[in-house]
Peer 1: 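Would you mind keeping the following structure in view while I ask a few things?
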Amino acid sequence: MSSIAVPAKLLTVVQLIPALHSGGAERSALEIARALVQAGHRSVVISAGGRLAAQLQAEGSEHVTLDLGRKSLLTLTRLGPLRRVLRELKPDIVHARSRLPAWMGWWALKGMTPRPHFVTTVHGLNSPGRYSAILLRGERVIAVSQTMRDYVLSHYRWLEPAKVRVIPRGIDPVAFPYGHRPDDAWQKTFFGEYPALAGAPLLTLPARGTRLKGHHDAIELLADLKRRGIEARLLLLGVIEPGRETYVAELRDLIRLRGVTSQVALTPPRHDIRDIYAISALVLQLSNKPESFGRTVIEALSLCRPVLGYAHGGVGELLAELYPAGRVPPGDRERLVERAAELLRVAPPISPLQSYRLTDMQDATLALYDEVTSG
């Protein structure tokens, strides 16, 4: 339940994002949209659409379908339509959450009178350069972790530190309740759908189908555990998505090569992630490049499930603070299997989370909106 109070001044806030399929930036956009509606503001998201668009609208926000994220010269033809939409909406704030939509928003705002305030969020550790720098042109720049803030300040020396605010993503402890266990009916249905996952401790890697996310490392970990005589199962949750067919075929080839076909399941994104985490012996976070945050870390820990992950970027930052036993050096295959075996044998206790709550993130973001429009 949100603690957001109705403000004295009601705002129209437009968020720009490429699409609404899945991912941390997309979920953050929905969560802020929900908070805006709860506080009485007008919330609009402009994107190419996706499976989360229906939820966005059901929660009271408006959605304008306009593809601003496709890396093509055709995207420039949408500048005029975007400017017309913004003139009609008359937003107080335009909040960009991705680079190309940020560029489109920046150009669209030129010449608008009155000019809406421009706010950005840096969600990823993007390669430094002029293209990425657009996300630092906001009147306020939200960094999703201290790791993210340190990164942008170290690579963009012209950036004023006071403009960059750390607002970590948060989770709803009601949605991820401490100690939750799914009922027998759910478990029967789930294991009926994925019988390969029954009969041994479950390792779950929740991540979209990109090479960055460490699916290969998870498969190698399962094979290494098997060689040590440790039975386990592996769920690659969310890896099956449109356009990822070649990558998924590559993973299936590796699974066959390592002899673990009968122990692995690959799925598209699912809505019952809470229940899947709750039956997992370990939740994995094995991105092979540092990430800016690690929402899956706090989701799993909120449920009292152990997390095993690489100690770099935002994931390393969270594990160091919340669950040090789950940290391993990035890419260290031997240490990874050793730590997995240790945690499967006896995992250190996990205390209920006292931080990284969804309402903290929502309240801080709406307070920043108020600060921008009041200044």
Side-chain angles (χ1 to χ4, degrees), residues 24 123-125 143-151 154 166 168-171 173 176 178-179 201-208 210-225 227-228 230 232-238 273 276-357:
H123 287 275
L125 301 169
V144 298
S145 65
Q146 187 62 45
T147 294
M148 187 74 258
R149 185 178 191 272
D150 293 344
Y151 181 84
S154 66
V166 176
R169 295 178 192 168
I171 59 99
F176 295 92
Y178 186 78
L202 177 62
L203 315 182
T204 296
L205 177 65
R208 64 186 186 274
T210 65
R211 200 172 303 278
L212 162 72
K213 295 296 185 177
H215 299 99
H216 292 76
D217 288 21
I219 295 166
E220 298 289 5
L221 170 61
L222 183 69
D224 289 344
L225 287 169
R227 278 192 288 272
R228 291 184 174 216
I230 300 172
R233 303 289 185 264
L234 175 64
L235 171 61
L236 301 180
L237 174 61
I273 189 169
I276 293 171
Y277 284 161
I279 62 168
S280 301
L282 283 178
V283 175
L284 306 177
Q285 229 295 358
L286 303 177
S287 296
N288 49 54
K289 292 183 179 179
E291 294 200 52
S292 58
F293 196 63
R295 185 195 289 260
T296 57
V297 173
I298 53 176
E299 288 175 343
L301 292 176
S302 180
L303 290 163
C304 193
R305 302 316 304 149
V307 178
L308 176 64
Y310 287 147
H312 59 178
V315 171
E317 180 182 326
L318 288 171
L319 287 173
E321 177 184 351
L322 302 173
Y323 198 66
R327 296 180 300 167
V328 295
D332 190 333
R333 187 168 163 180
E334 186 65 25
R335 192 70 191 98
L336 183 65
V337 68
E338 289 175 357
R339 184 58 56 86
E342 293 167 3
L343 293 176
L344 288 173
R345 185 170 59 251
V346 181
I350 301 169
S351 300
L353 282 181
Q354 301 298 323
S355 55
Y356 300 102
R357 297 172 301 180

Peer 1: With no hydrogens and no angle check, is any side-chain donor or acceptor of S287 less than 3.5 Å from a backbone partner on P290?
Peer 2: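 No, because the side chain of S287 does not come within donor-acceptor range (under 3.5 Å) of the backbone of P290.
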Peer 1: Kindly give the heavy-atom pair with the smallest separation between L234 and L222, and that separation in Å.
Peer 2: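 Smallest interatomic distance, heavy atoms only, reads CB-CD2, 3.8 Å.
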Peer 1: Can you check side-chain hydrogen bond (donor to acceptor under 3.5 Å, both in side chains) on Y310 and Q285, steps first, answer last?
Peer 2: CA-CA 7 Å; Y310 287 147; Q285 229 295 358; over 6 Å; no
Peer 1: When rounded to the nearest 0.5 angstrom, what distance separates CG in L235 from CG in L203?
Peer 2: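 Going from the CG atom of L235 to the CG atom of L203 covers 9.5 Å.
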Peer 1: So which atom in G326 and which in L343 form the shortest heavy-atom distance, rounded to 0.1 Å?
Peer 2: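 Closest approach of G326 to L343, heavy atoms only: CA-CD1, 4.4 Å.
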Peer 1: Please report the interatomic distance CD1(I219) to CG(L236), rounded to the nearest 0.5 Å.
Peer 2: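 If we round to the nearest 0.5 Å, I219:CD1 and L236:CG are 5.5 Å apart.
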Peer 1: Can you tell if the side chain of V315 reaches within under 4.5 Å of the side chain of T296, non-hydrogen atoms only?
Peer 2: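 A side-chain contact under 4.5 Å is absent here.
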Peer 1: Tell me if a side-chain donor or acceptor on S145 pairs with a main-chain N or O of S292 at a distance below 3.5 Å.
Peer 2: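 Flag set: sc S145 to bb S292 pair under 3.5 Å.
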Peer 1: Of the non-hydrogen atoms in P349 and Y323, which two are nearest, and what is the gap between them?
Peer 2: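 In terms of heavy atoms, the two residues are closest at O-CE1, 4.2 Å.
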Peer 1: For the residue pair I230 and P201, establish whether any side-chain heavy-atom pair is separated by less than 4.5 Å.
Peer 2: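 The answer is no, as the side chains (C-beta and beyond) never meet within the 4.5 Å cut-off.
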Peer 1: Walk me through it: do L125 and M148 pass the test side chain to side chain contact (heavy atoms under 4.5 Å, CB included)?
Peer 2: CA-CA 7 Å; L125 301 169; M148 187 74 258; 3.5 Å; yes
Peer 1: Locate the shortest heavy-atom distance separating P329 from R335; write the atom from each residue and the value.
Peer 2: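 Nearest pair, atom of P329 first, then R335: CD-CG, 3.8 Å.
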Peer 1: Does N288 use its side chain to pair, donor to acceptor, with the backbone of R211 at less than 3.5 Å?
Peer 2: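 It does hold such a pair.
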Peer 1: List the steps, then state whether side chain to side chain contact (heavy atoms under 4.5 Å, CB included) holds for L237 with L205.
Peer 2: CA-CA 6 Å; L237 174 61; L205 177 65; over 6 Å; no
Peer 1: Measure the shortest side-chain to side-chain distance between R339 and L308 over non-hydrogen atoms and say whether it is less than 4.5 angstrom.
Peer 2: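 A side-chain contact under 4.5 Å exists here.
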Peer 1: With rounding to the nearest 0.5 angstrom, report the OG to CG distance, S355 to L322.
Peer 2: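 Reported value, rounded in 0.5 Å steps: 5.5 Å.
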Peer 1: Would you say the side chain of V283 lies within less than 4.5 Å of the side chain of P206, judging by non-hydrogen atoms?
Peer 2: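 Yes, their side chains come closer than 4.5 Å.
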Peer 1: Where is the tightest heavy-atom contact between V337 and R228, given as atom of each residue plus distance?
Peer 2: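 So the minimum-distance heavy-atom pair works out to CG1-NH2, 3.5 Å.
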Peer 1: Which heavy atom of V297 sits nearest to which heavy atom of V307, and what is that distance?
Peer 2: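 The pair with the smallest heavy-atom distance is O-CG2, 3.9 Å.
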Peer 1: Any Lys/Arg nitrogen of D224 or R333 sitting under 4.0 Å from an Asp/Glu carboxylate oxygen of the other?
Peer 2: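 Salt bridge: yes.
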Peer 1: Judged by atom type as modelled, is there a donor-acceptor pair below 3.5 Å linking the side chain of R305 to the main-chain atoms of L282?
Peer 2: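 No, because the side chain of R305 does not come within donor-acceptor range (under 3.5 Å) of the backbone of L282.
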Peer 1: Between the side chains of E299 and Y356, is a donor N or O closer than 3.5 angstrom to an acceptor N or O?
Peer 2: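 Absent: no donor and acceptor within the cut-off.
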Peer 1: Given E291 and R169, is the salt bridge (Lys or Arg N to Asp or Glu O under 4.0 Å) satisfied, shown in steps?
Peer 2: CA-CA 13 Å; E291 294 200 52; R169 295 178 192 168; over 6 Å; no
Peer 1: If we ignore hydrogens and angles and just use 3.5 Å, is the side chain of Y178 paired with the main-chain N or O of I350 as donor and acceptor?
Peer 2: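 Yes: the side chain of Y178 pairs with the backbone of I350.
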Peer 1: How long is the straight-line distance from CG of D332 back to CD of E338, given to the nearest 0.5 Å?
Peer 2: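 Rounded to the nearest 0.5 Å, the CD-CG separation comes to 8.0 Å.
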Peer 1: From L225 CG over to R233 CZ, what is the distance, rounded to the nearest 0.5 angstrom?
Peer 2: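 Going from the CG atom of L225 to the CZ atom of R233 covers 11.5 Å.
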Peer 1: Within the distance-only criterion (no hydrogens, no angle test), does the side chain of E317 pair as donor or acceptor with the backbone N or O of T147 below 3.5 angstrom?
Peer 2: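 Flag set: sc E317 to bb T147 pair under 3.5 Å.
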Peer 1: How many angstroms lie between CG in L318 and CZ in R327, if you round to the nearest 0.5 Å?
Peer 2: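 Atom-to-atom, L318:CG and R327:CZ are 11.5 Å apart.
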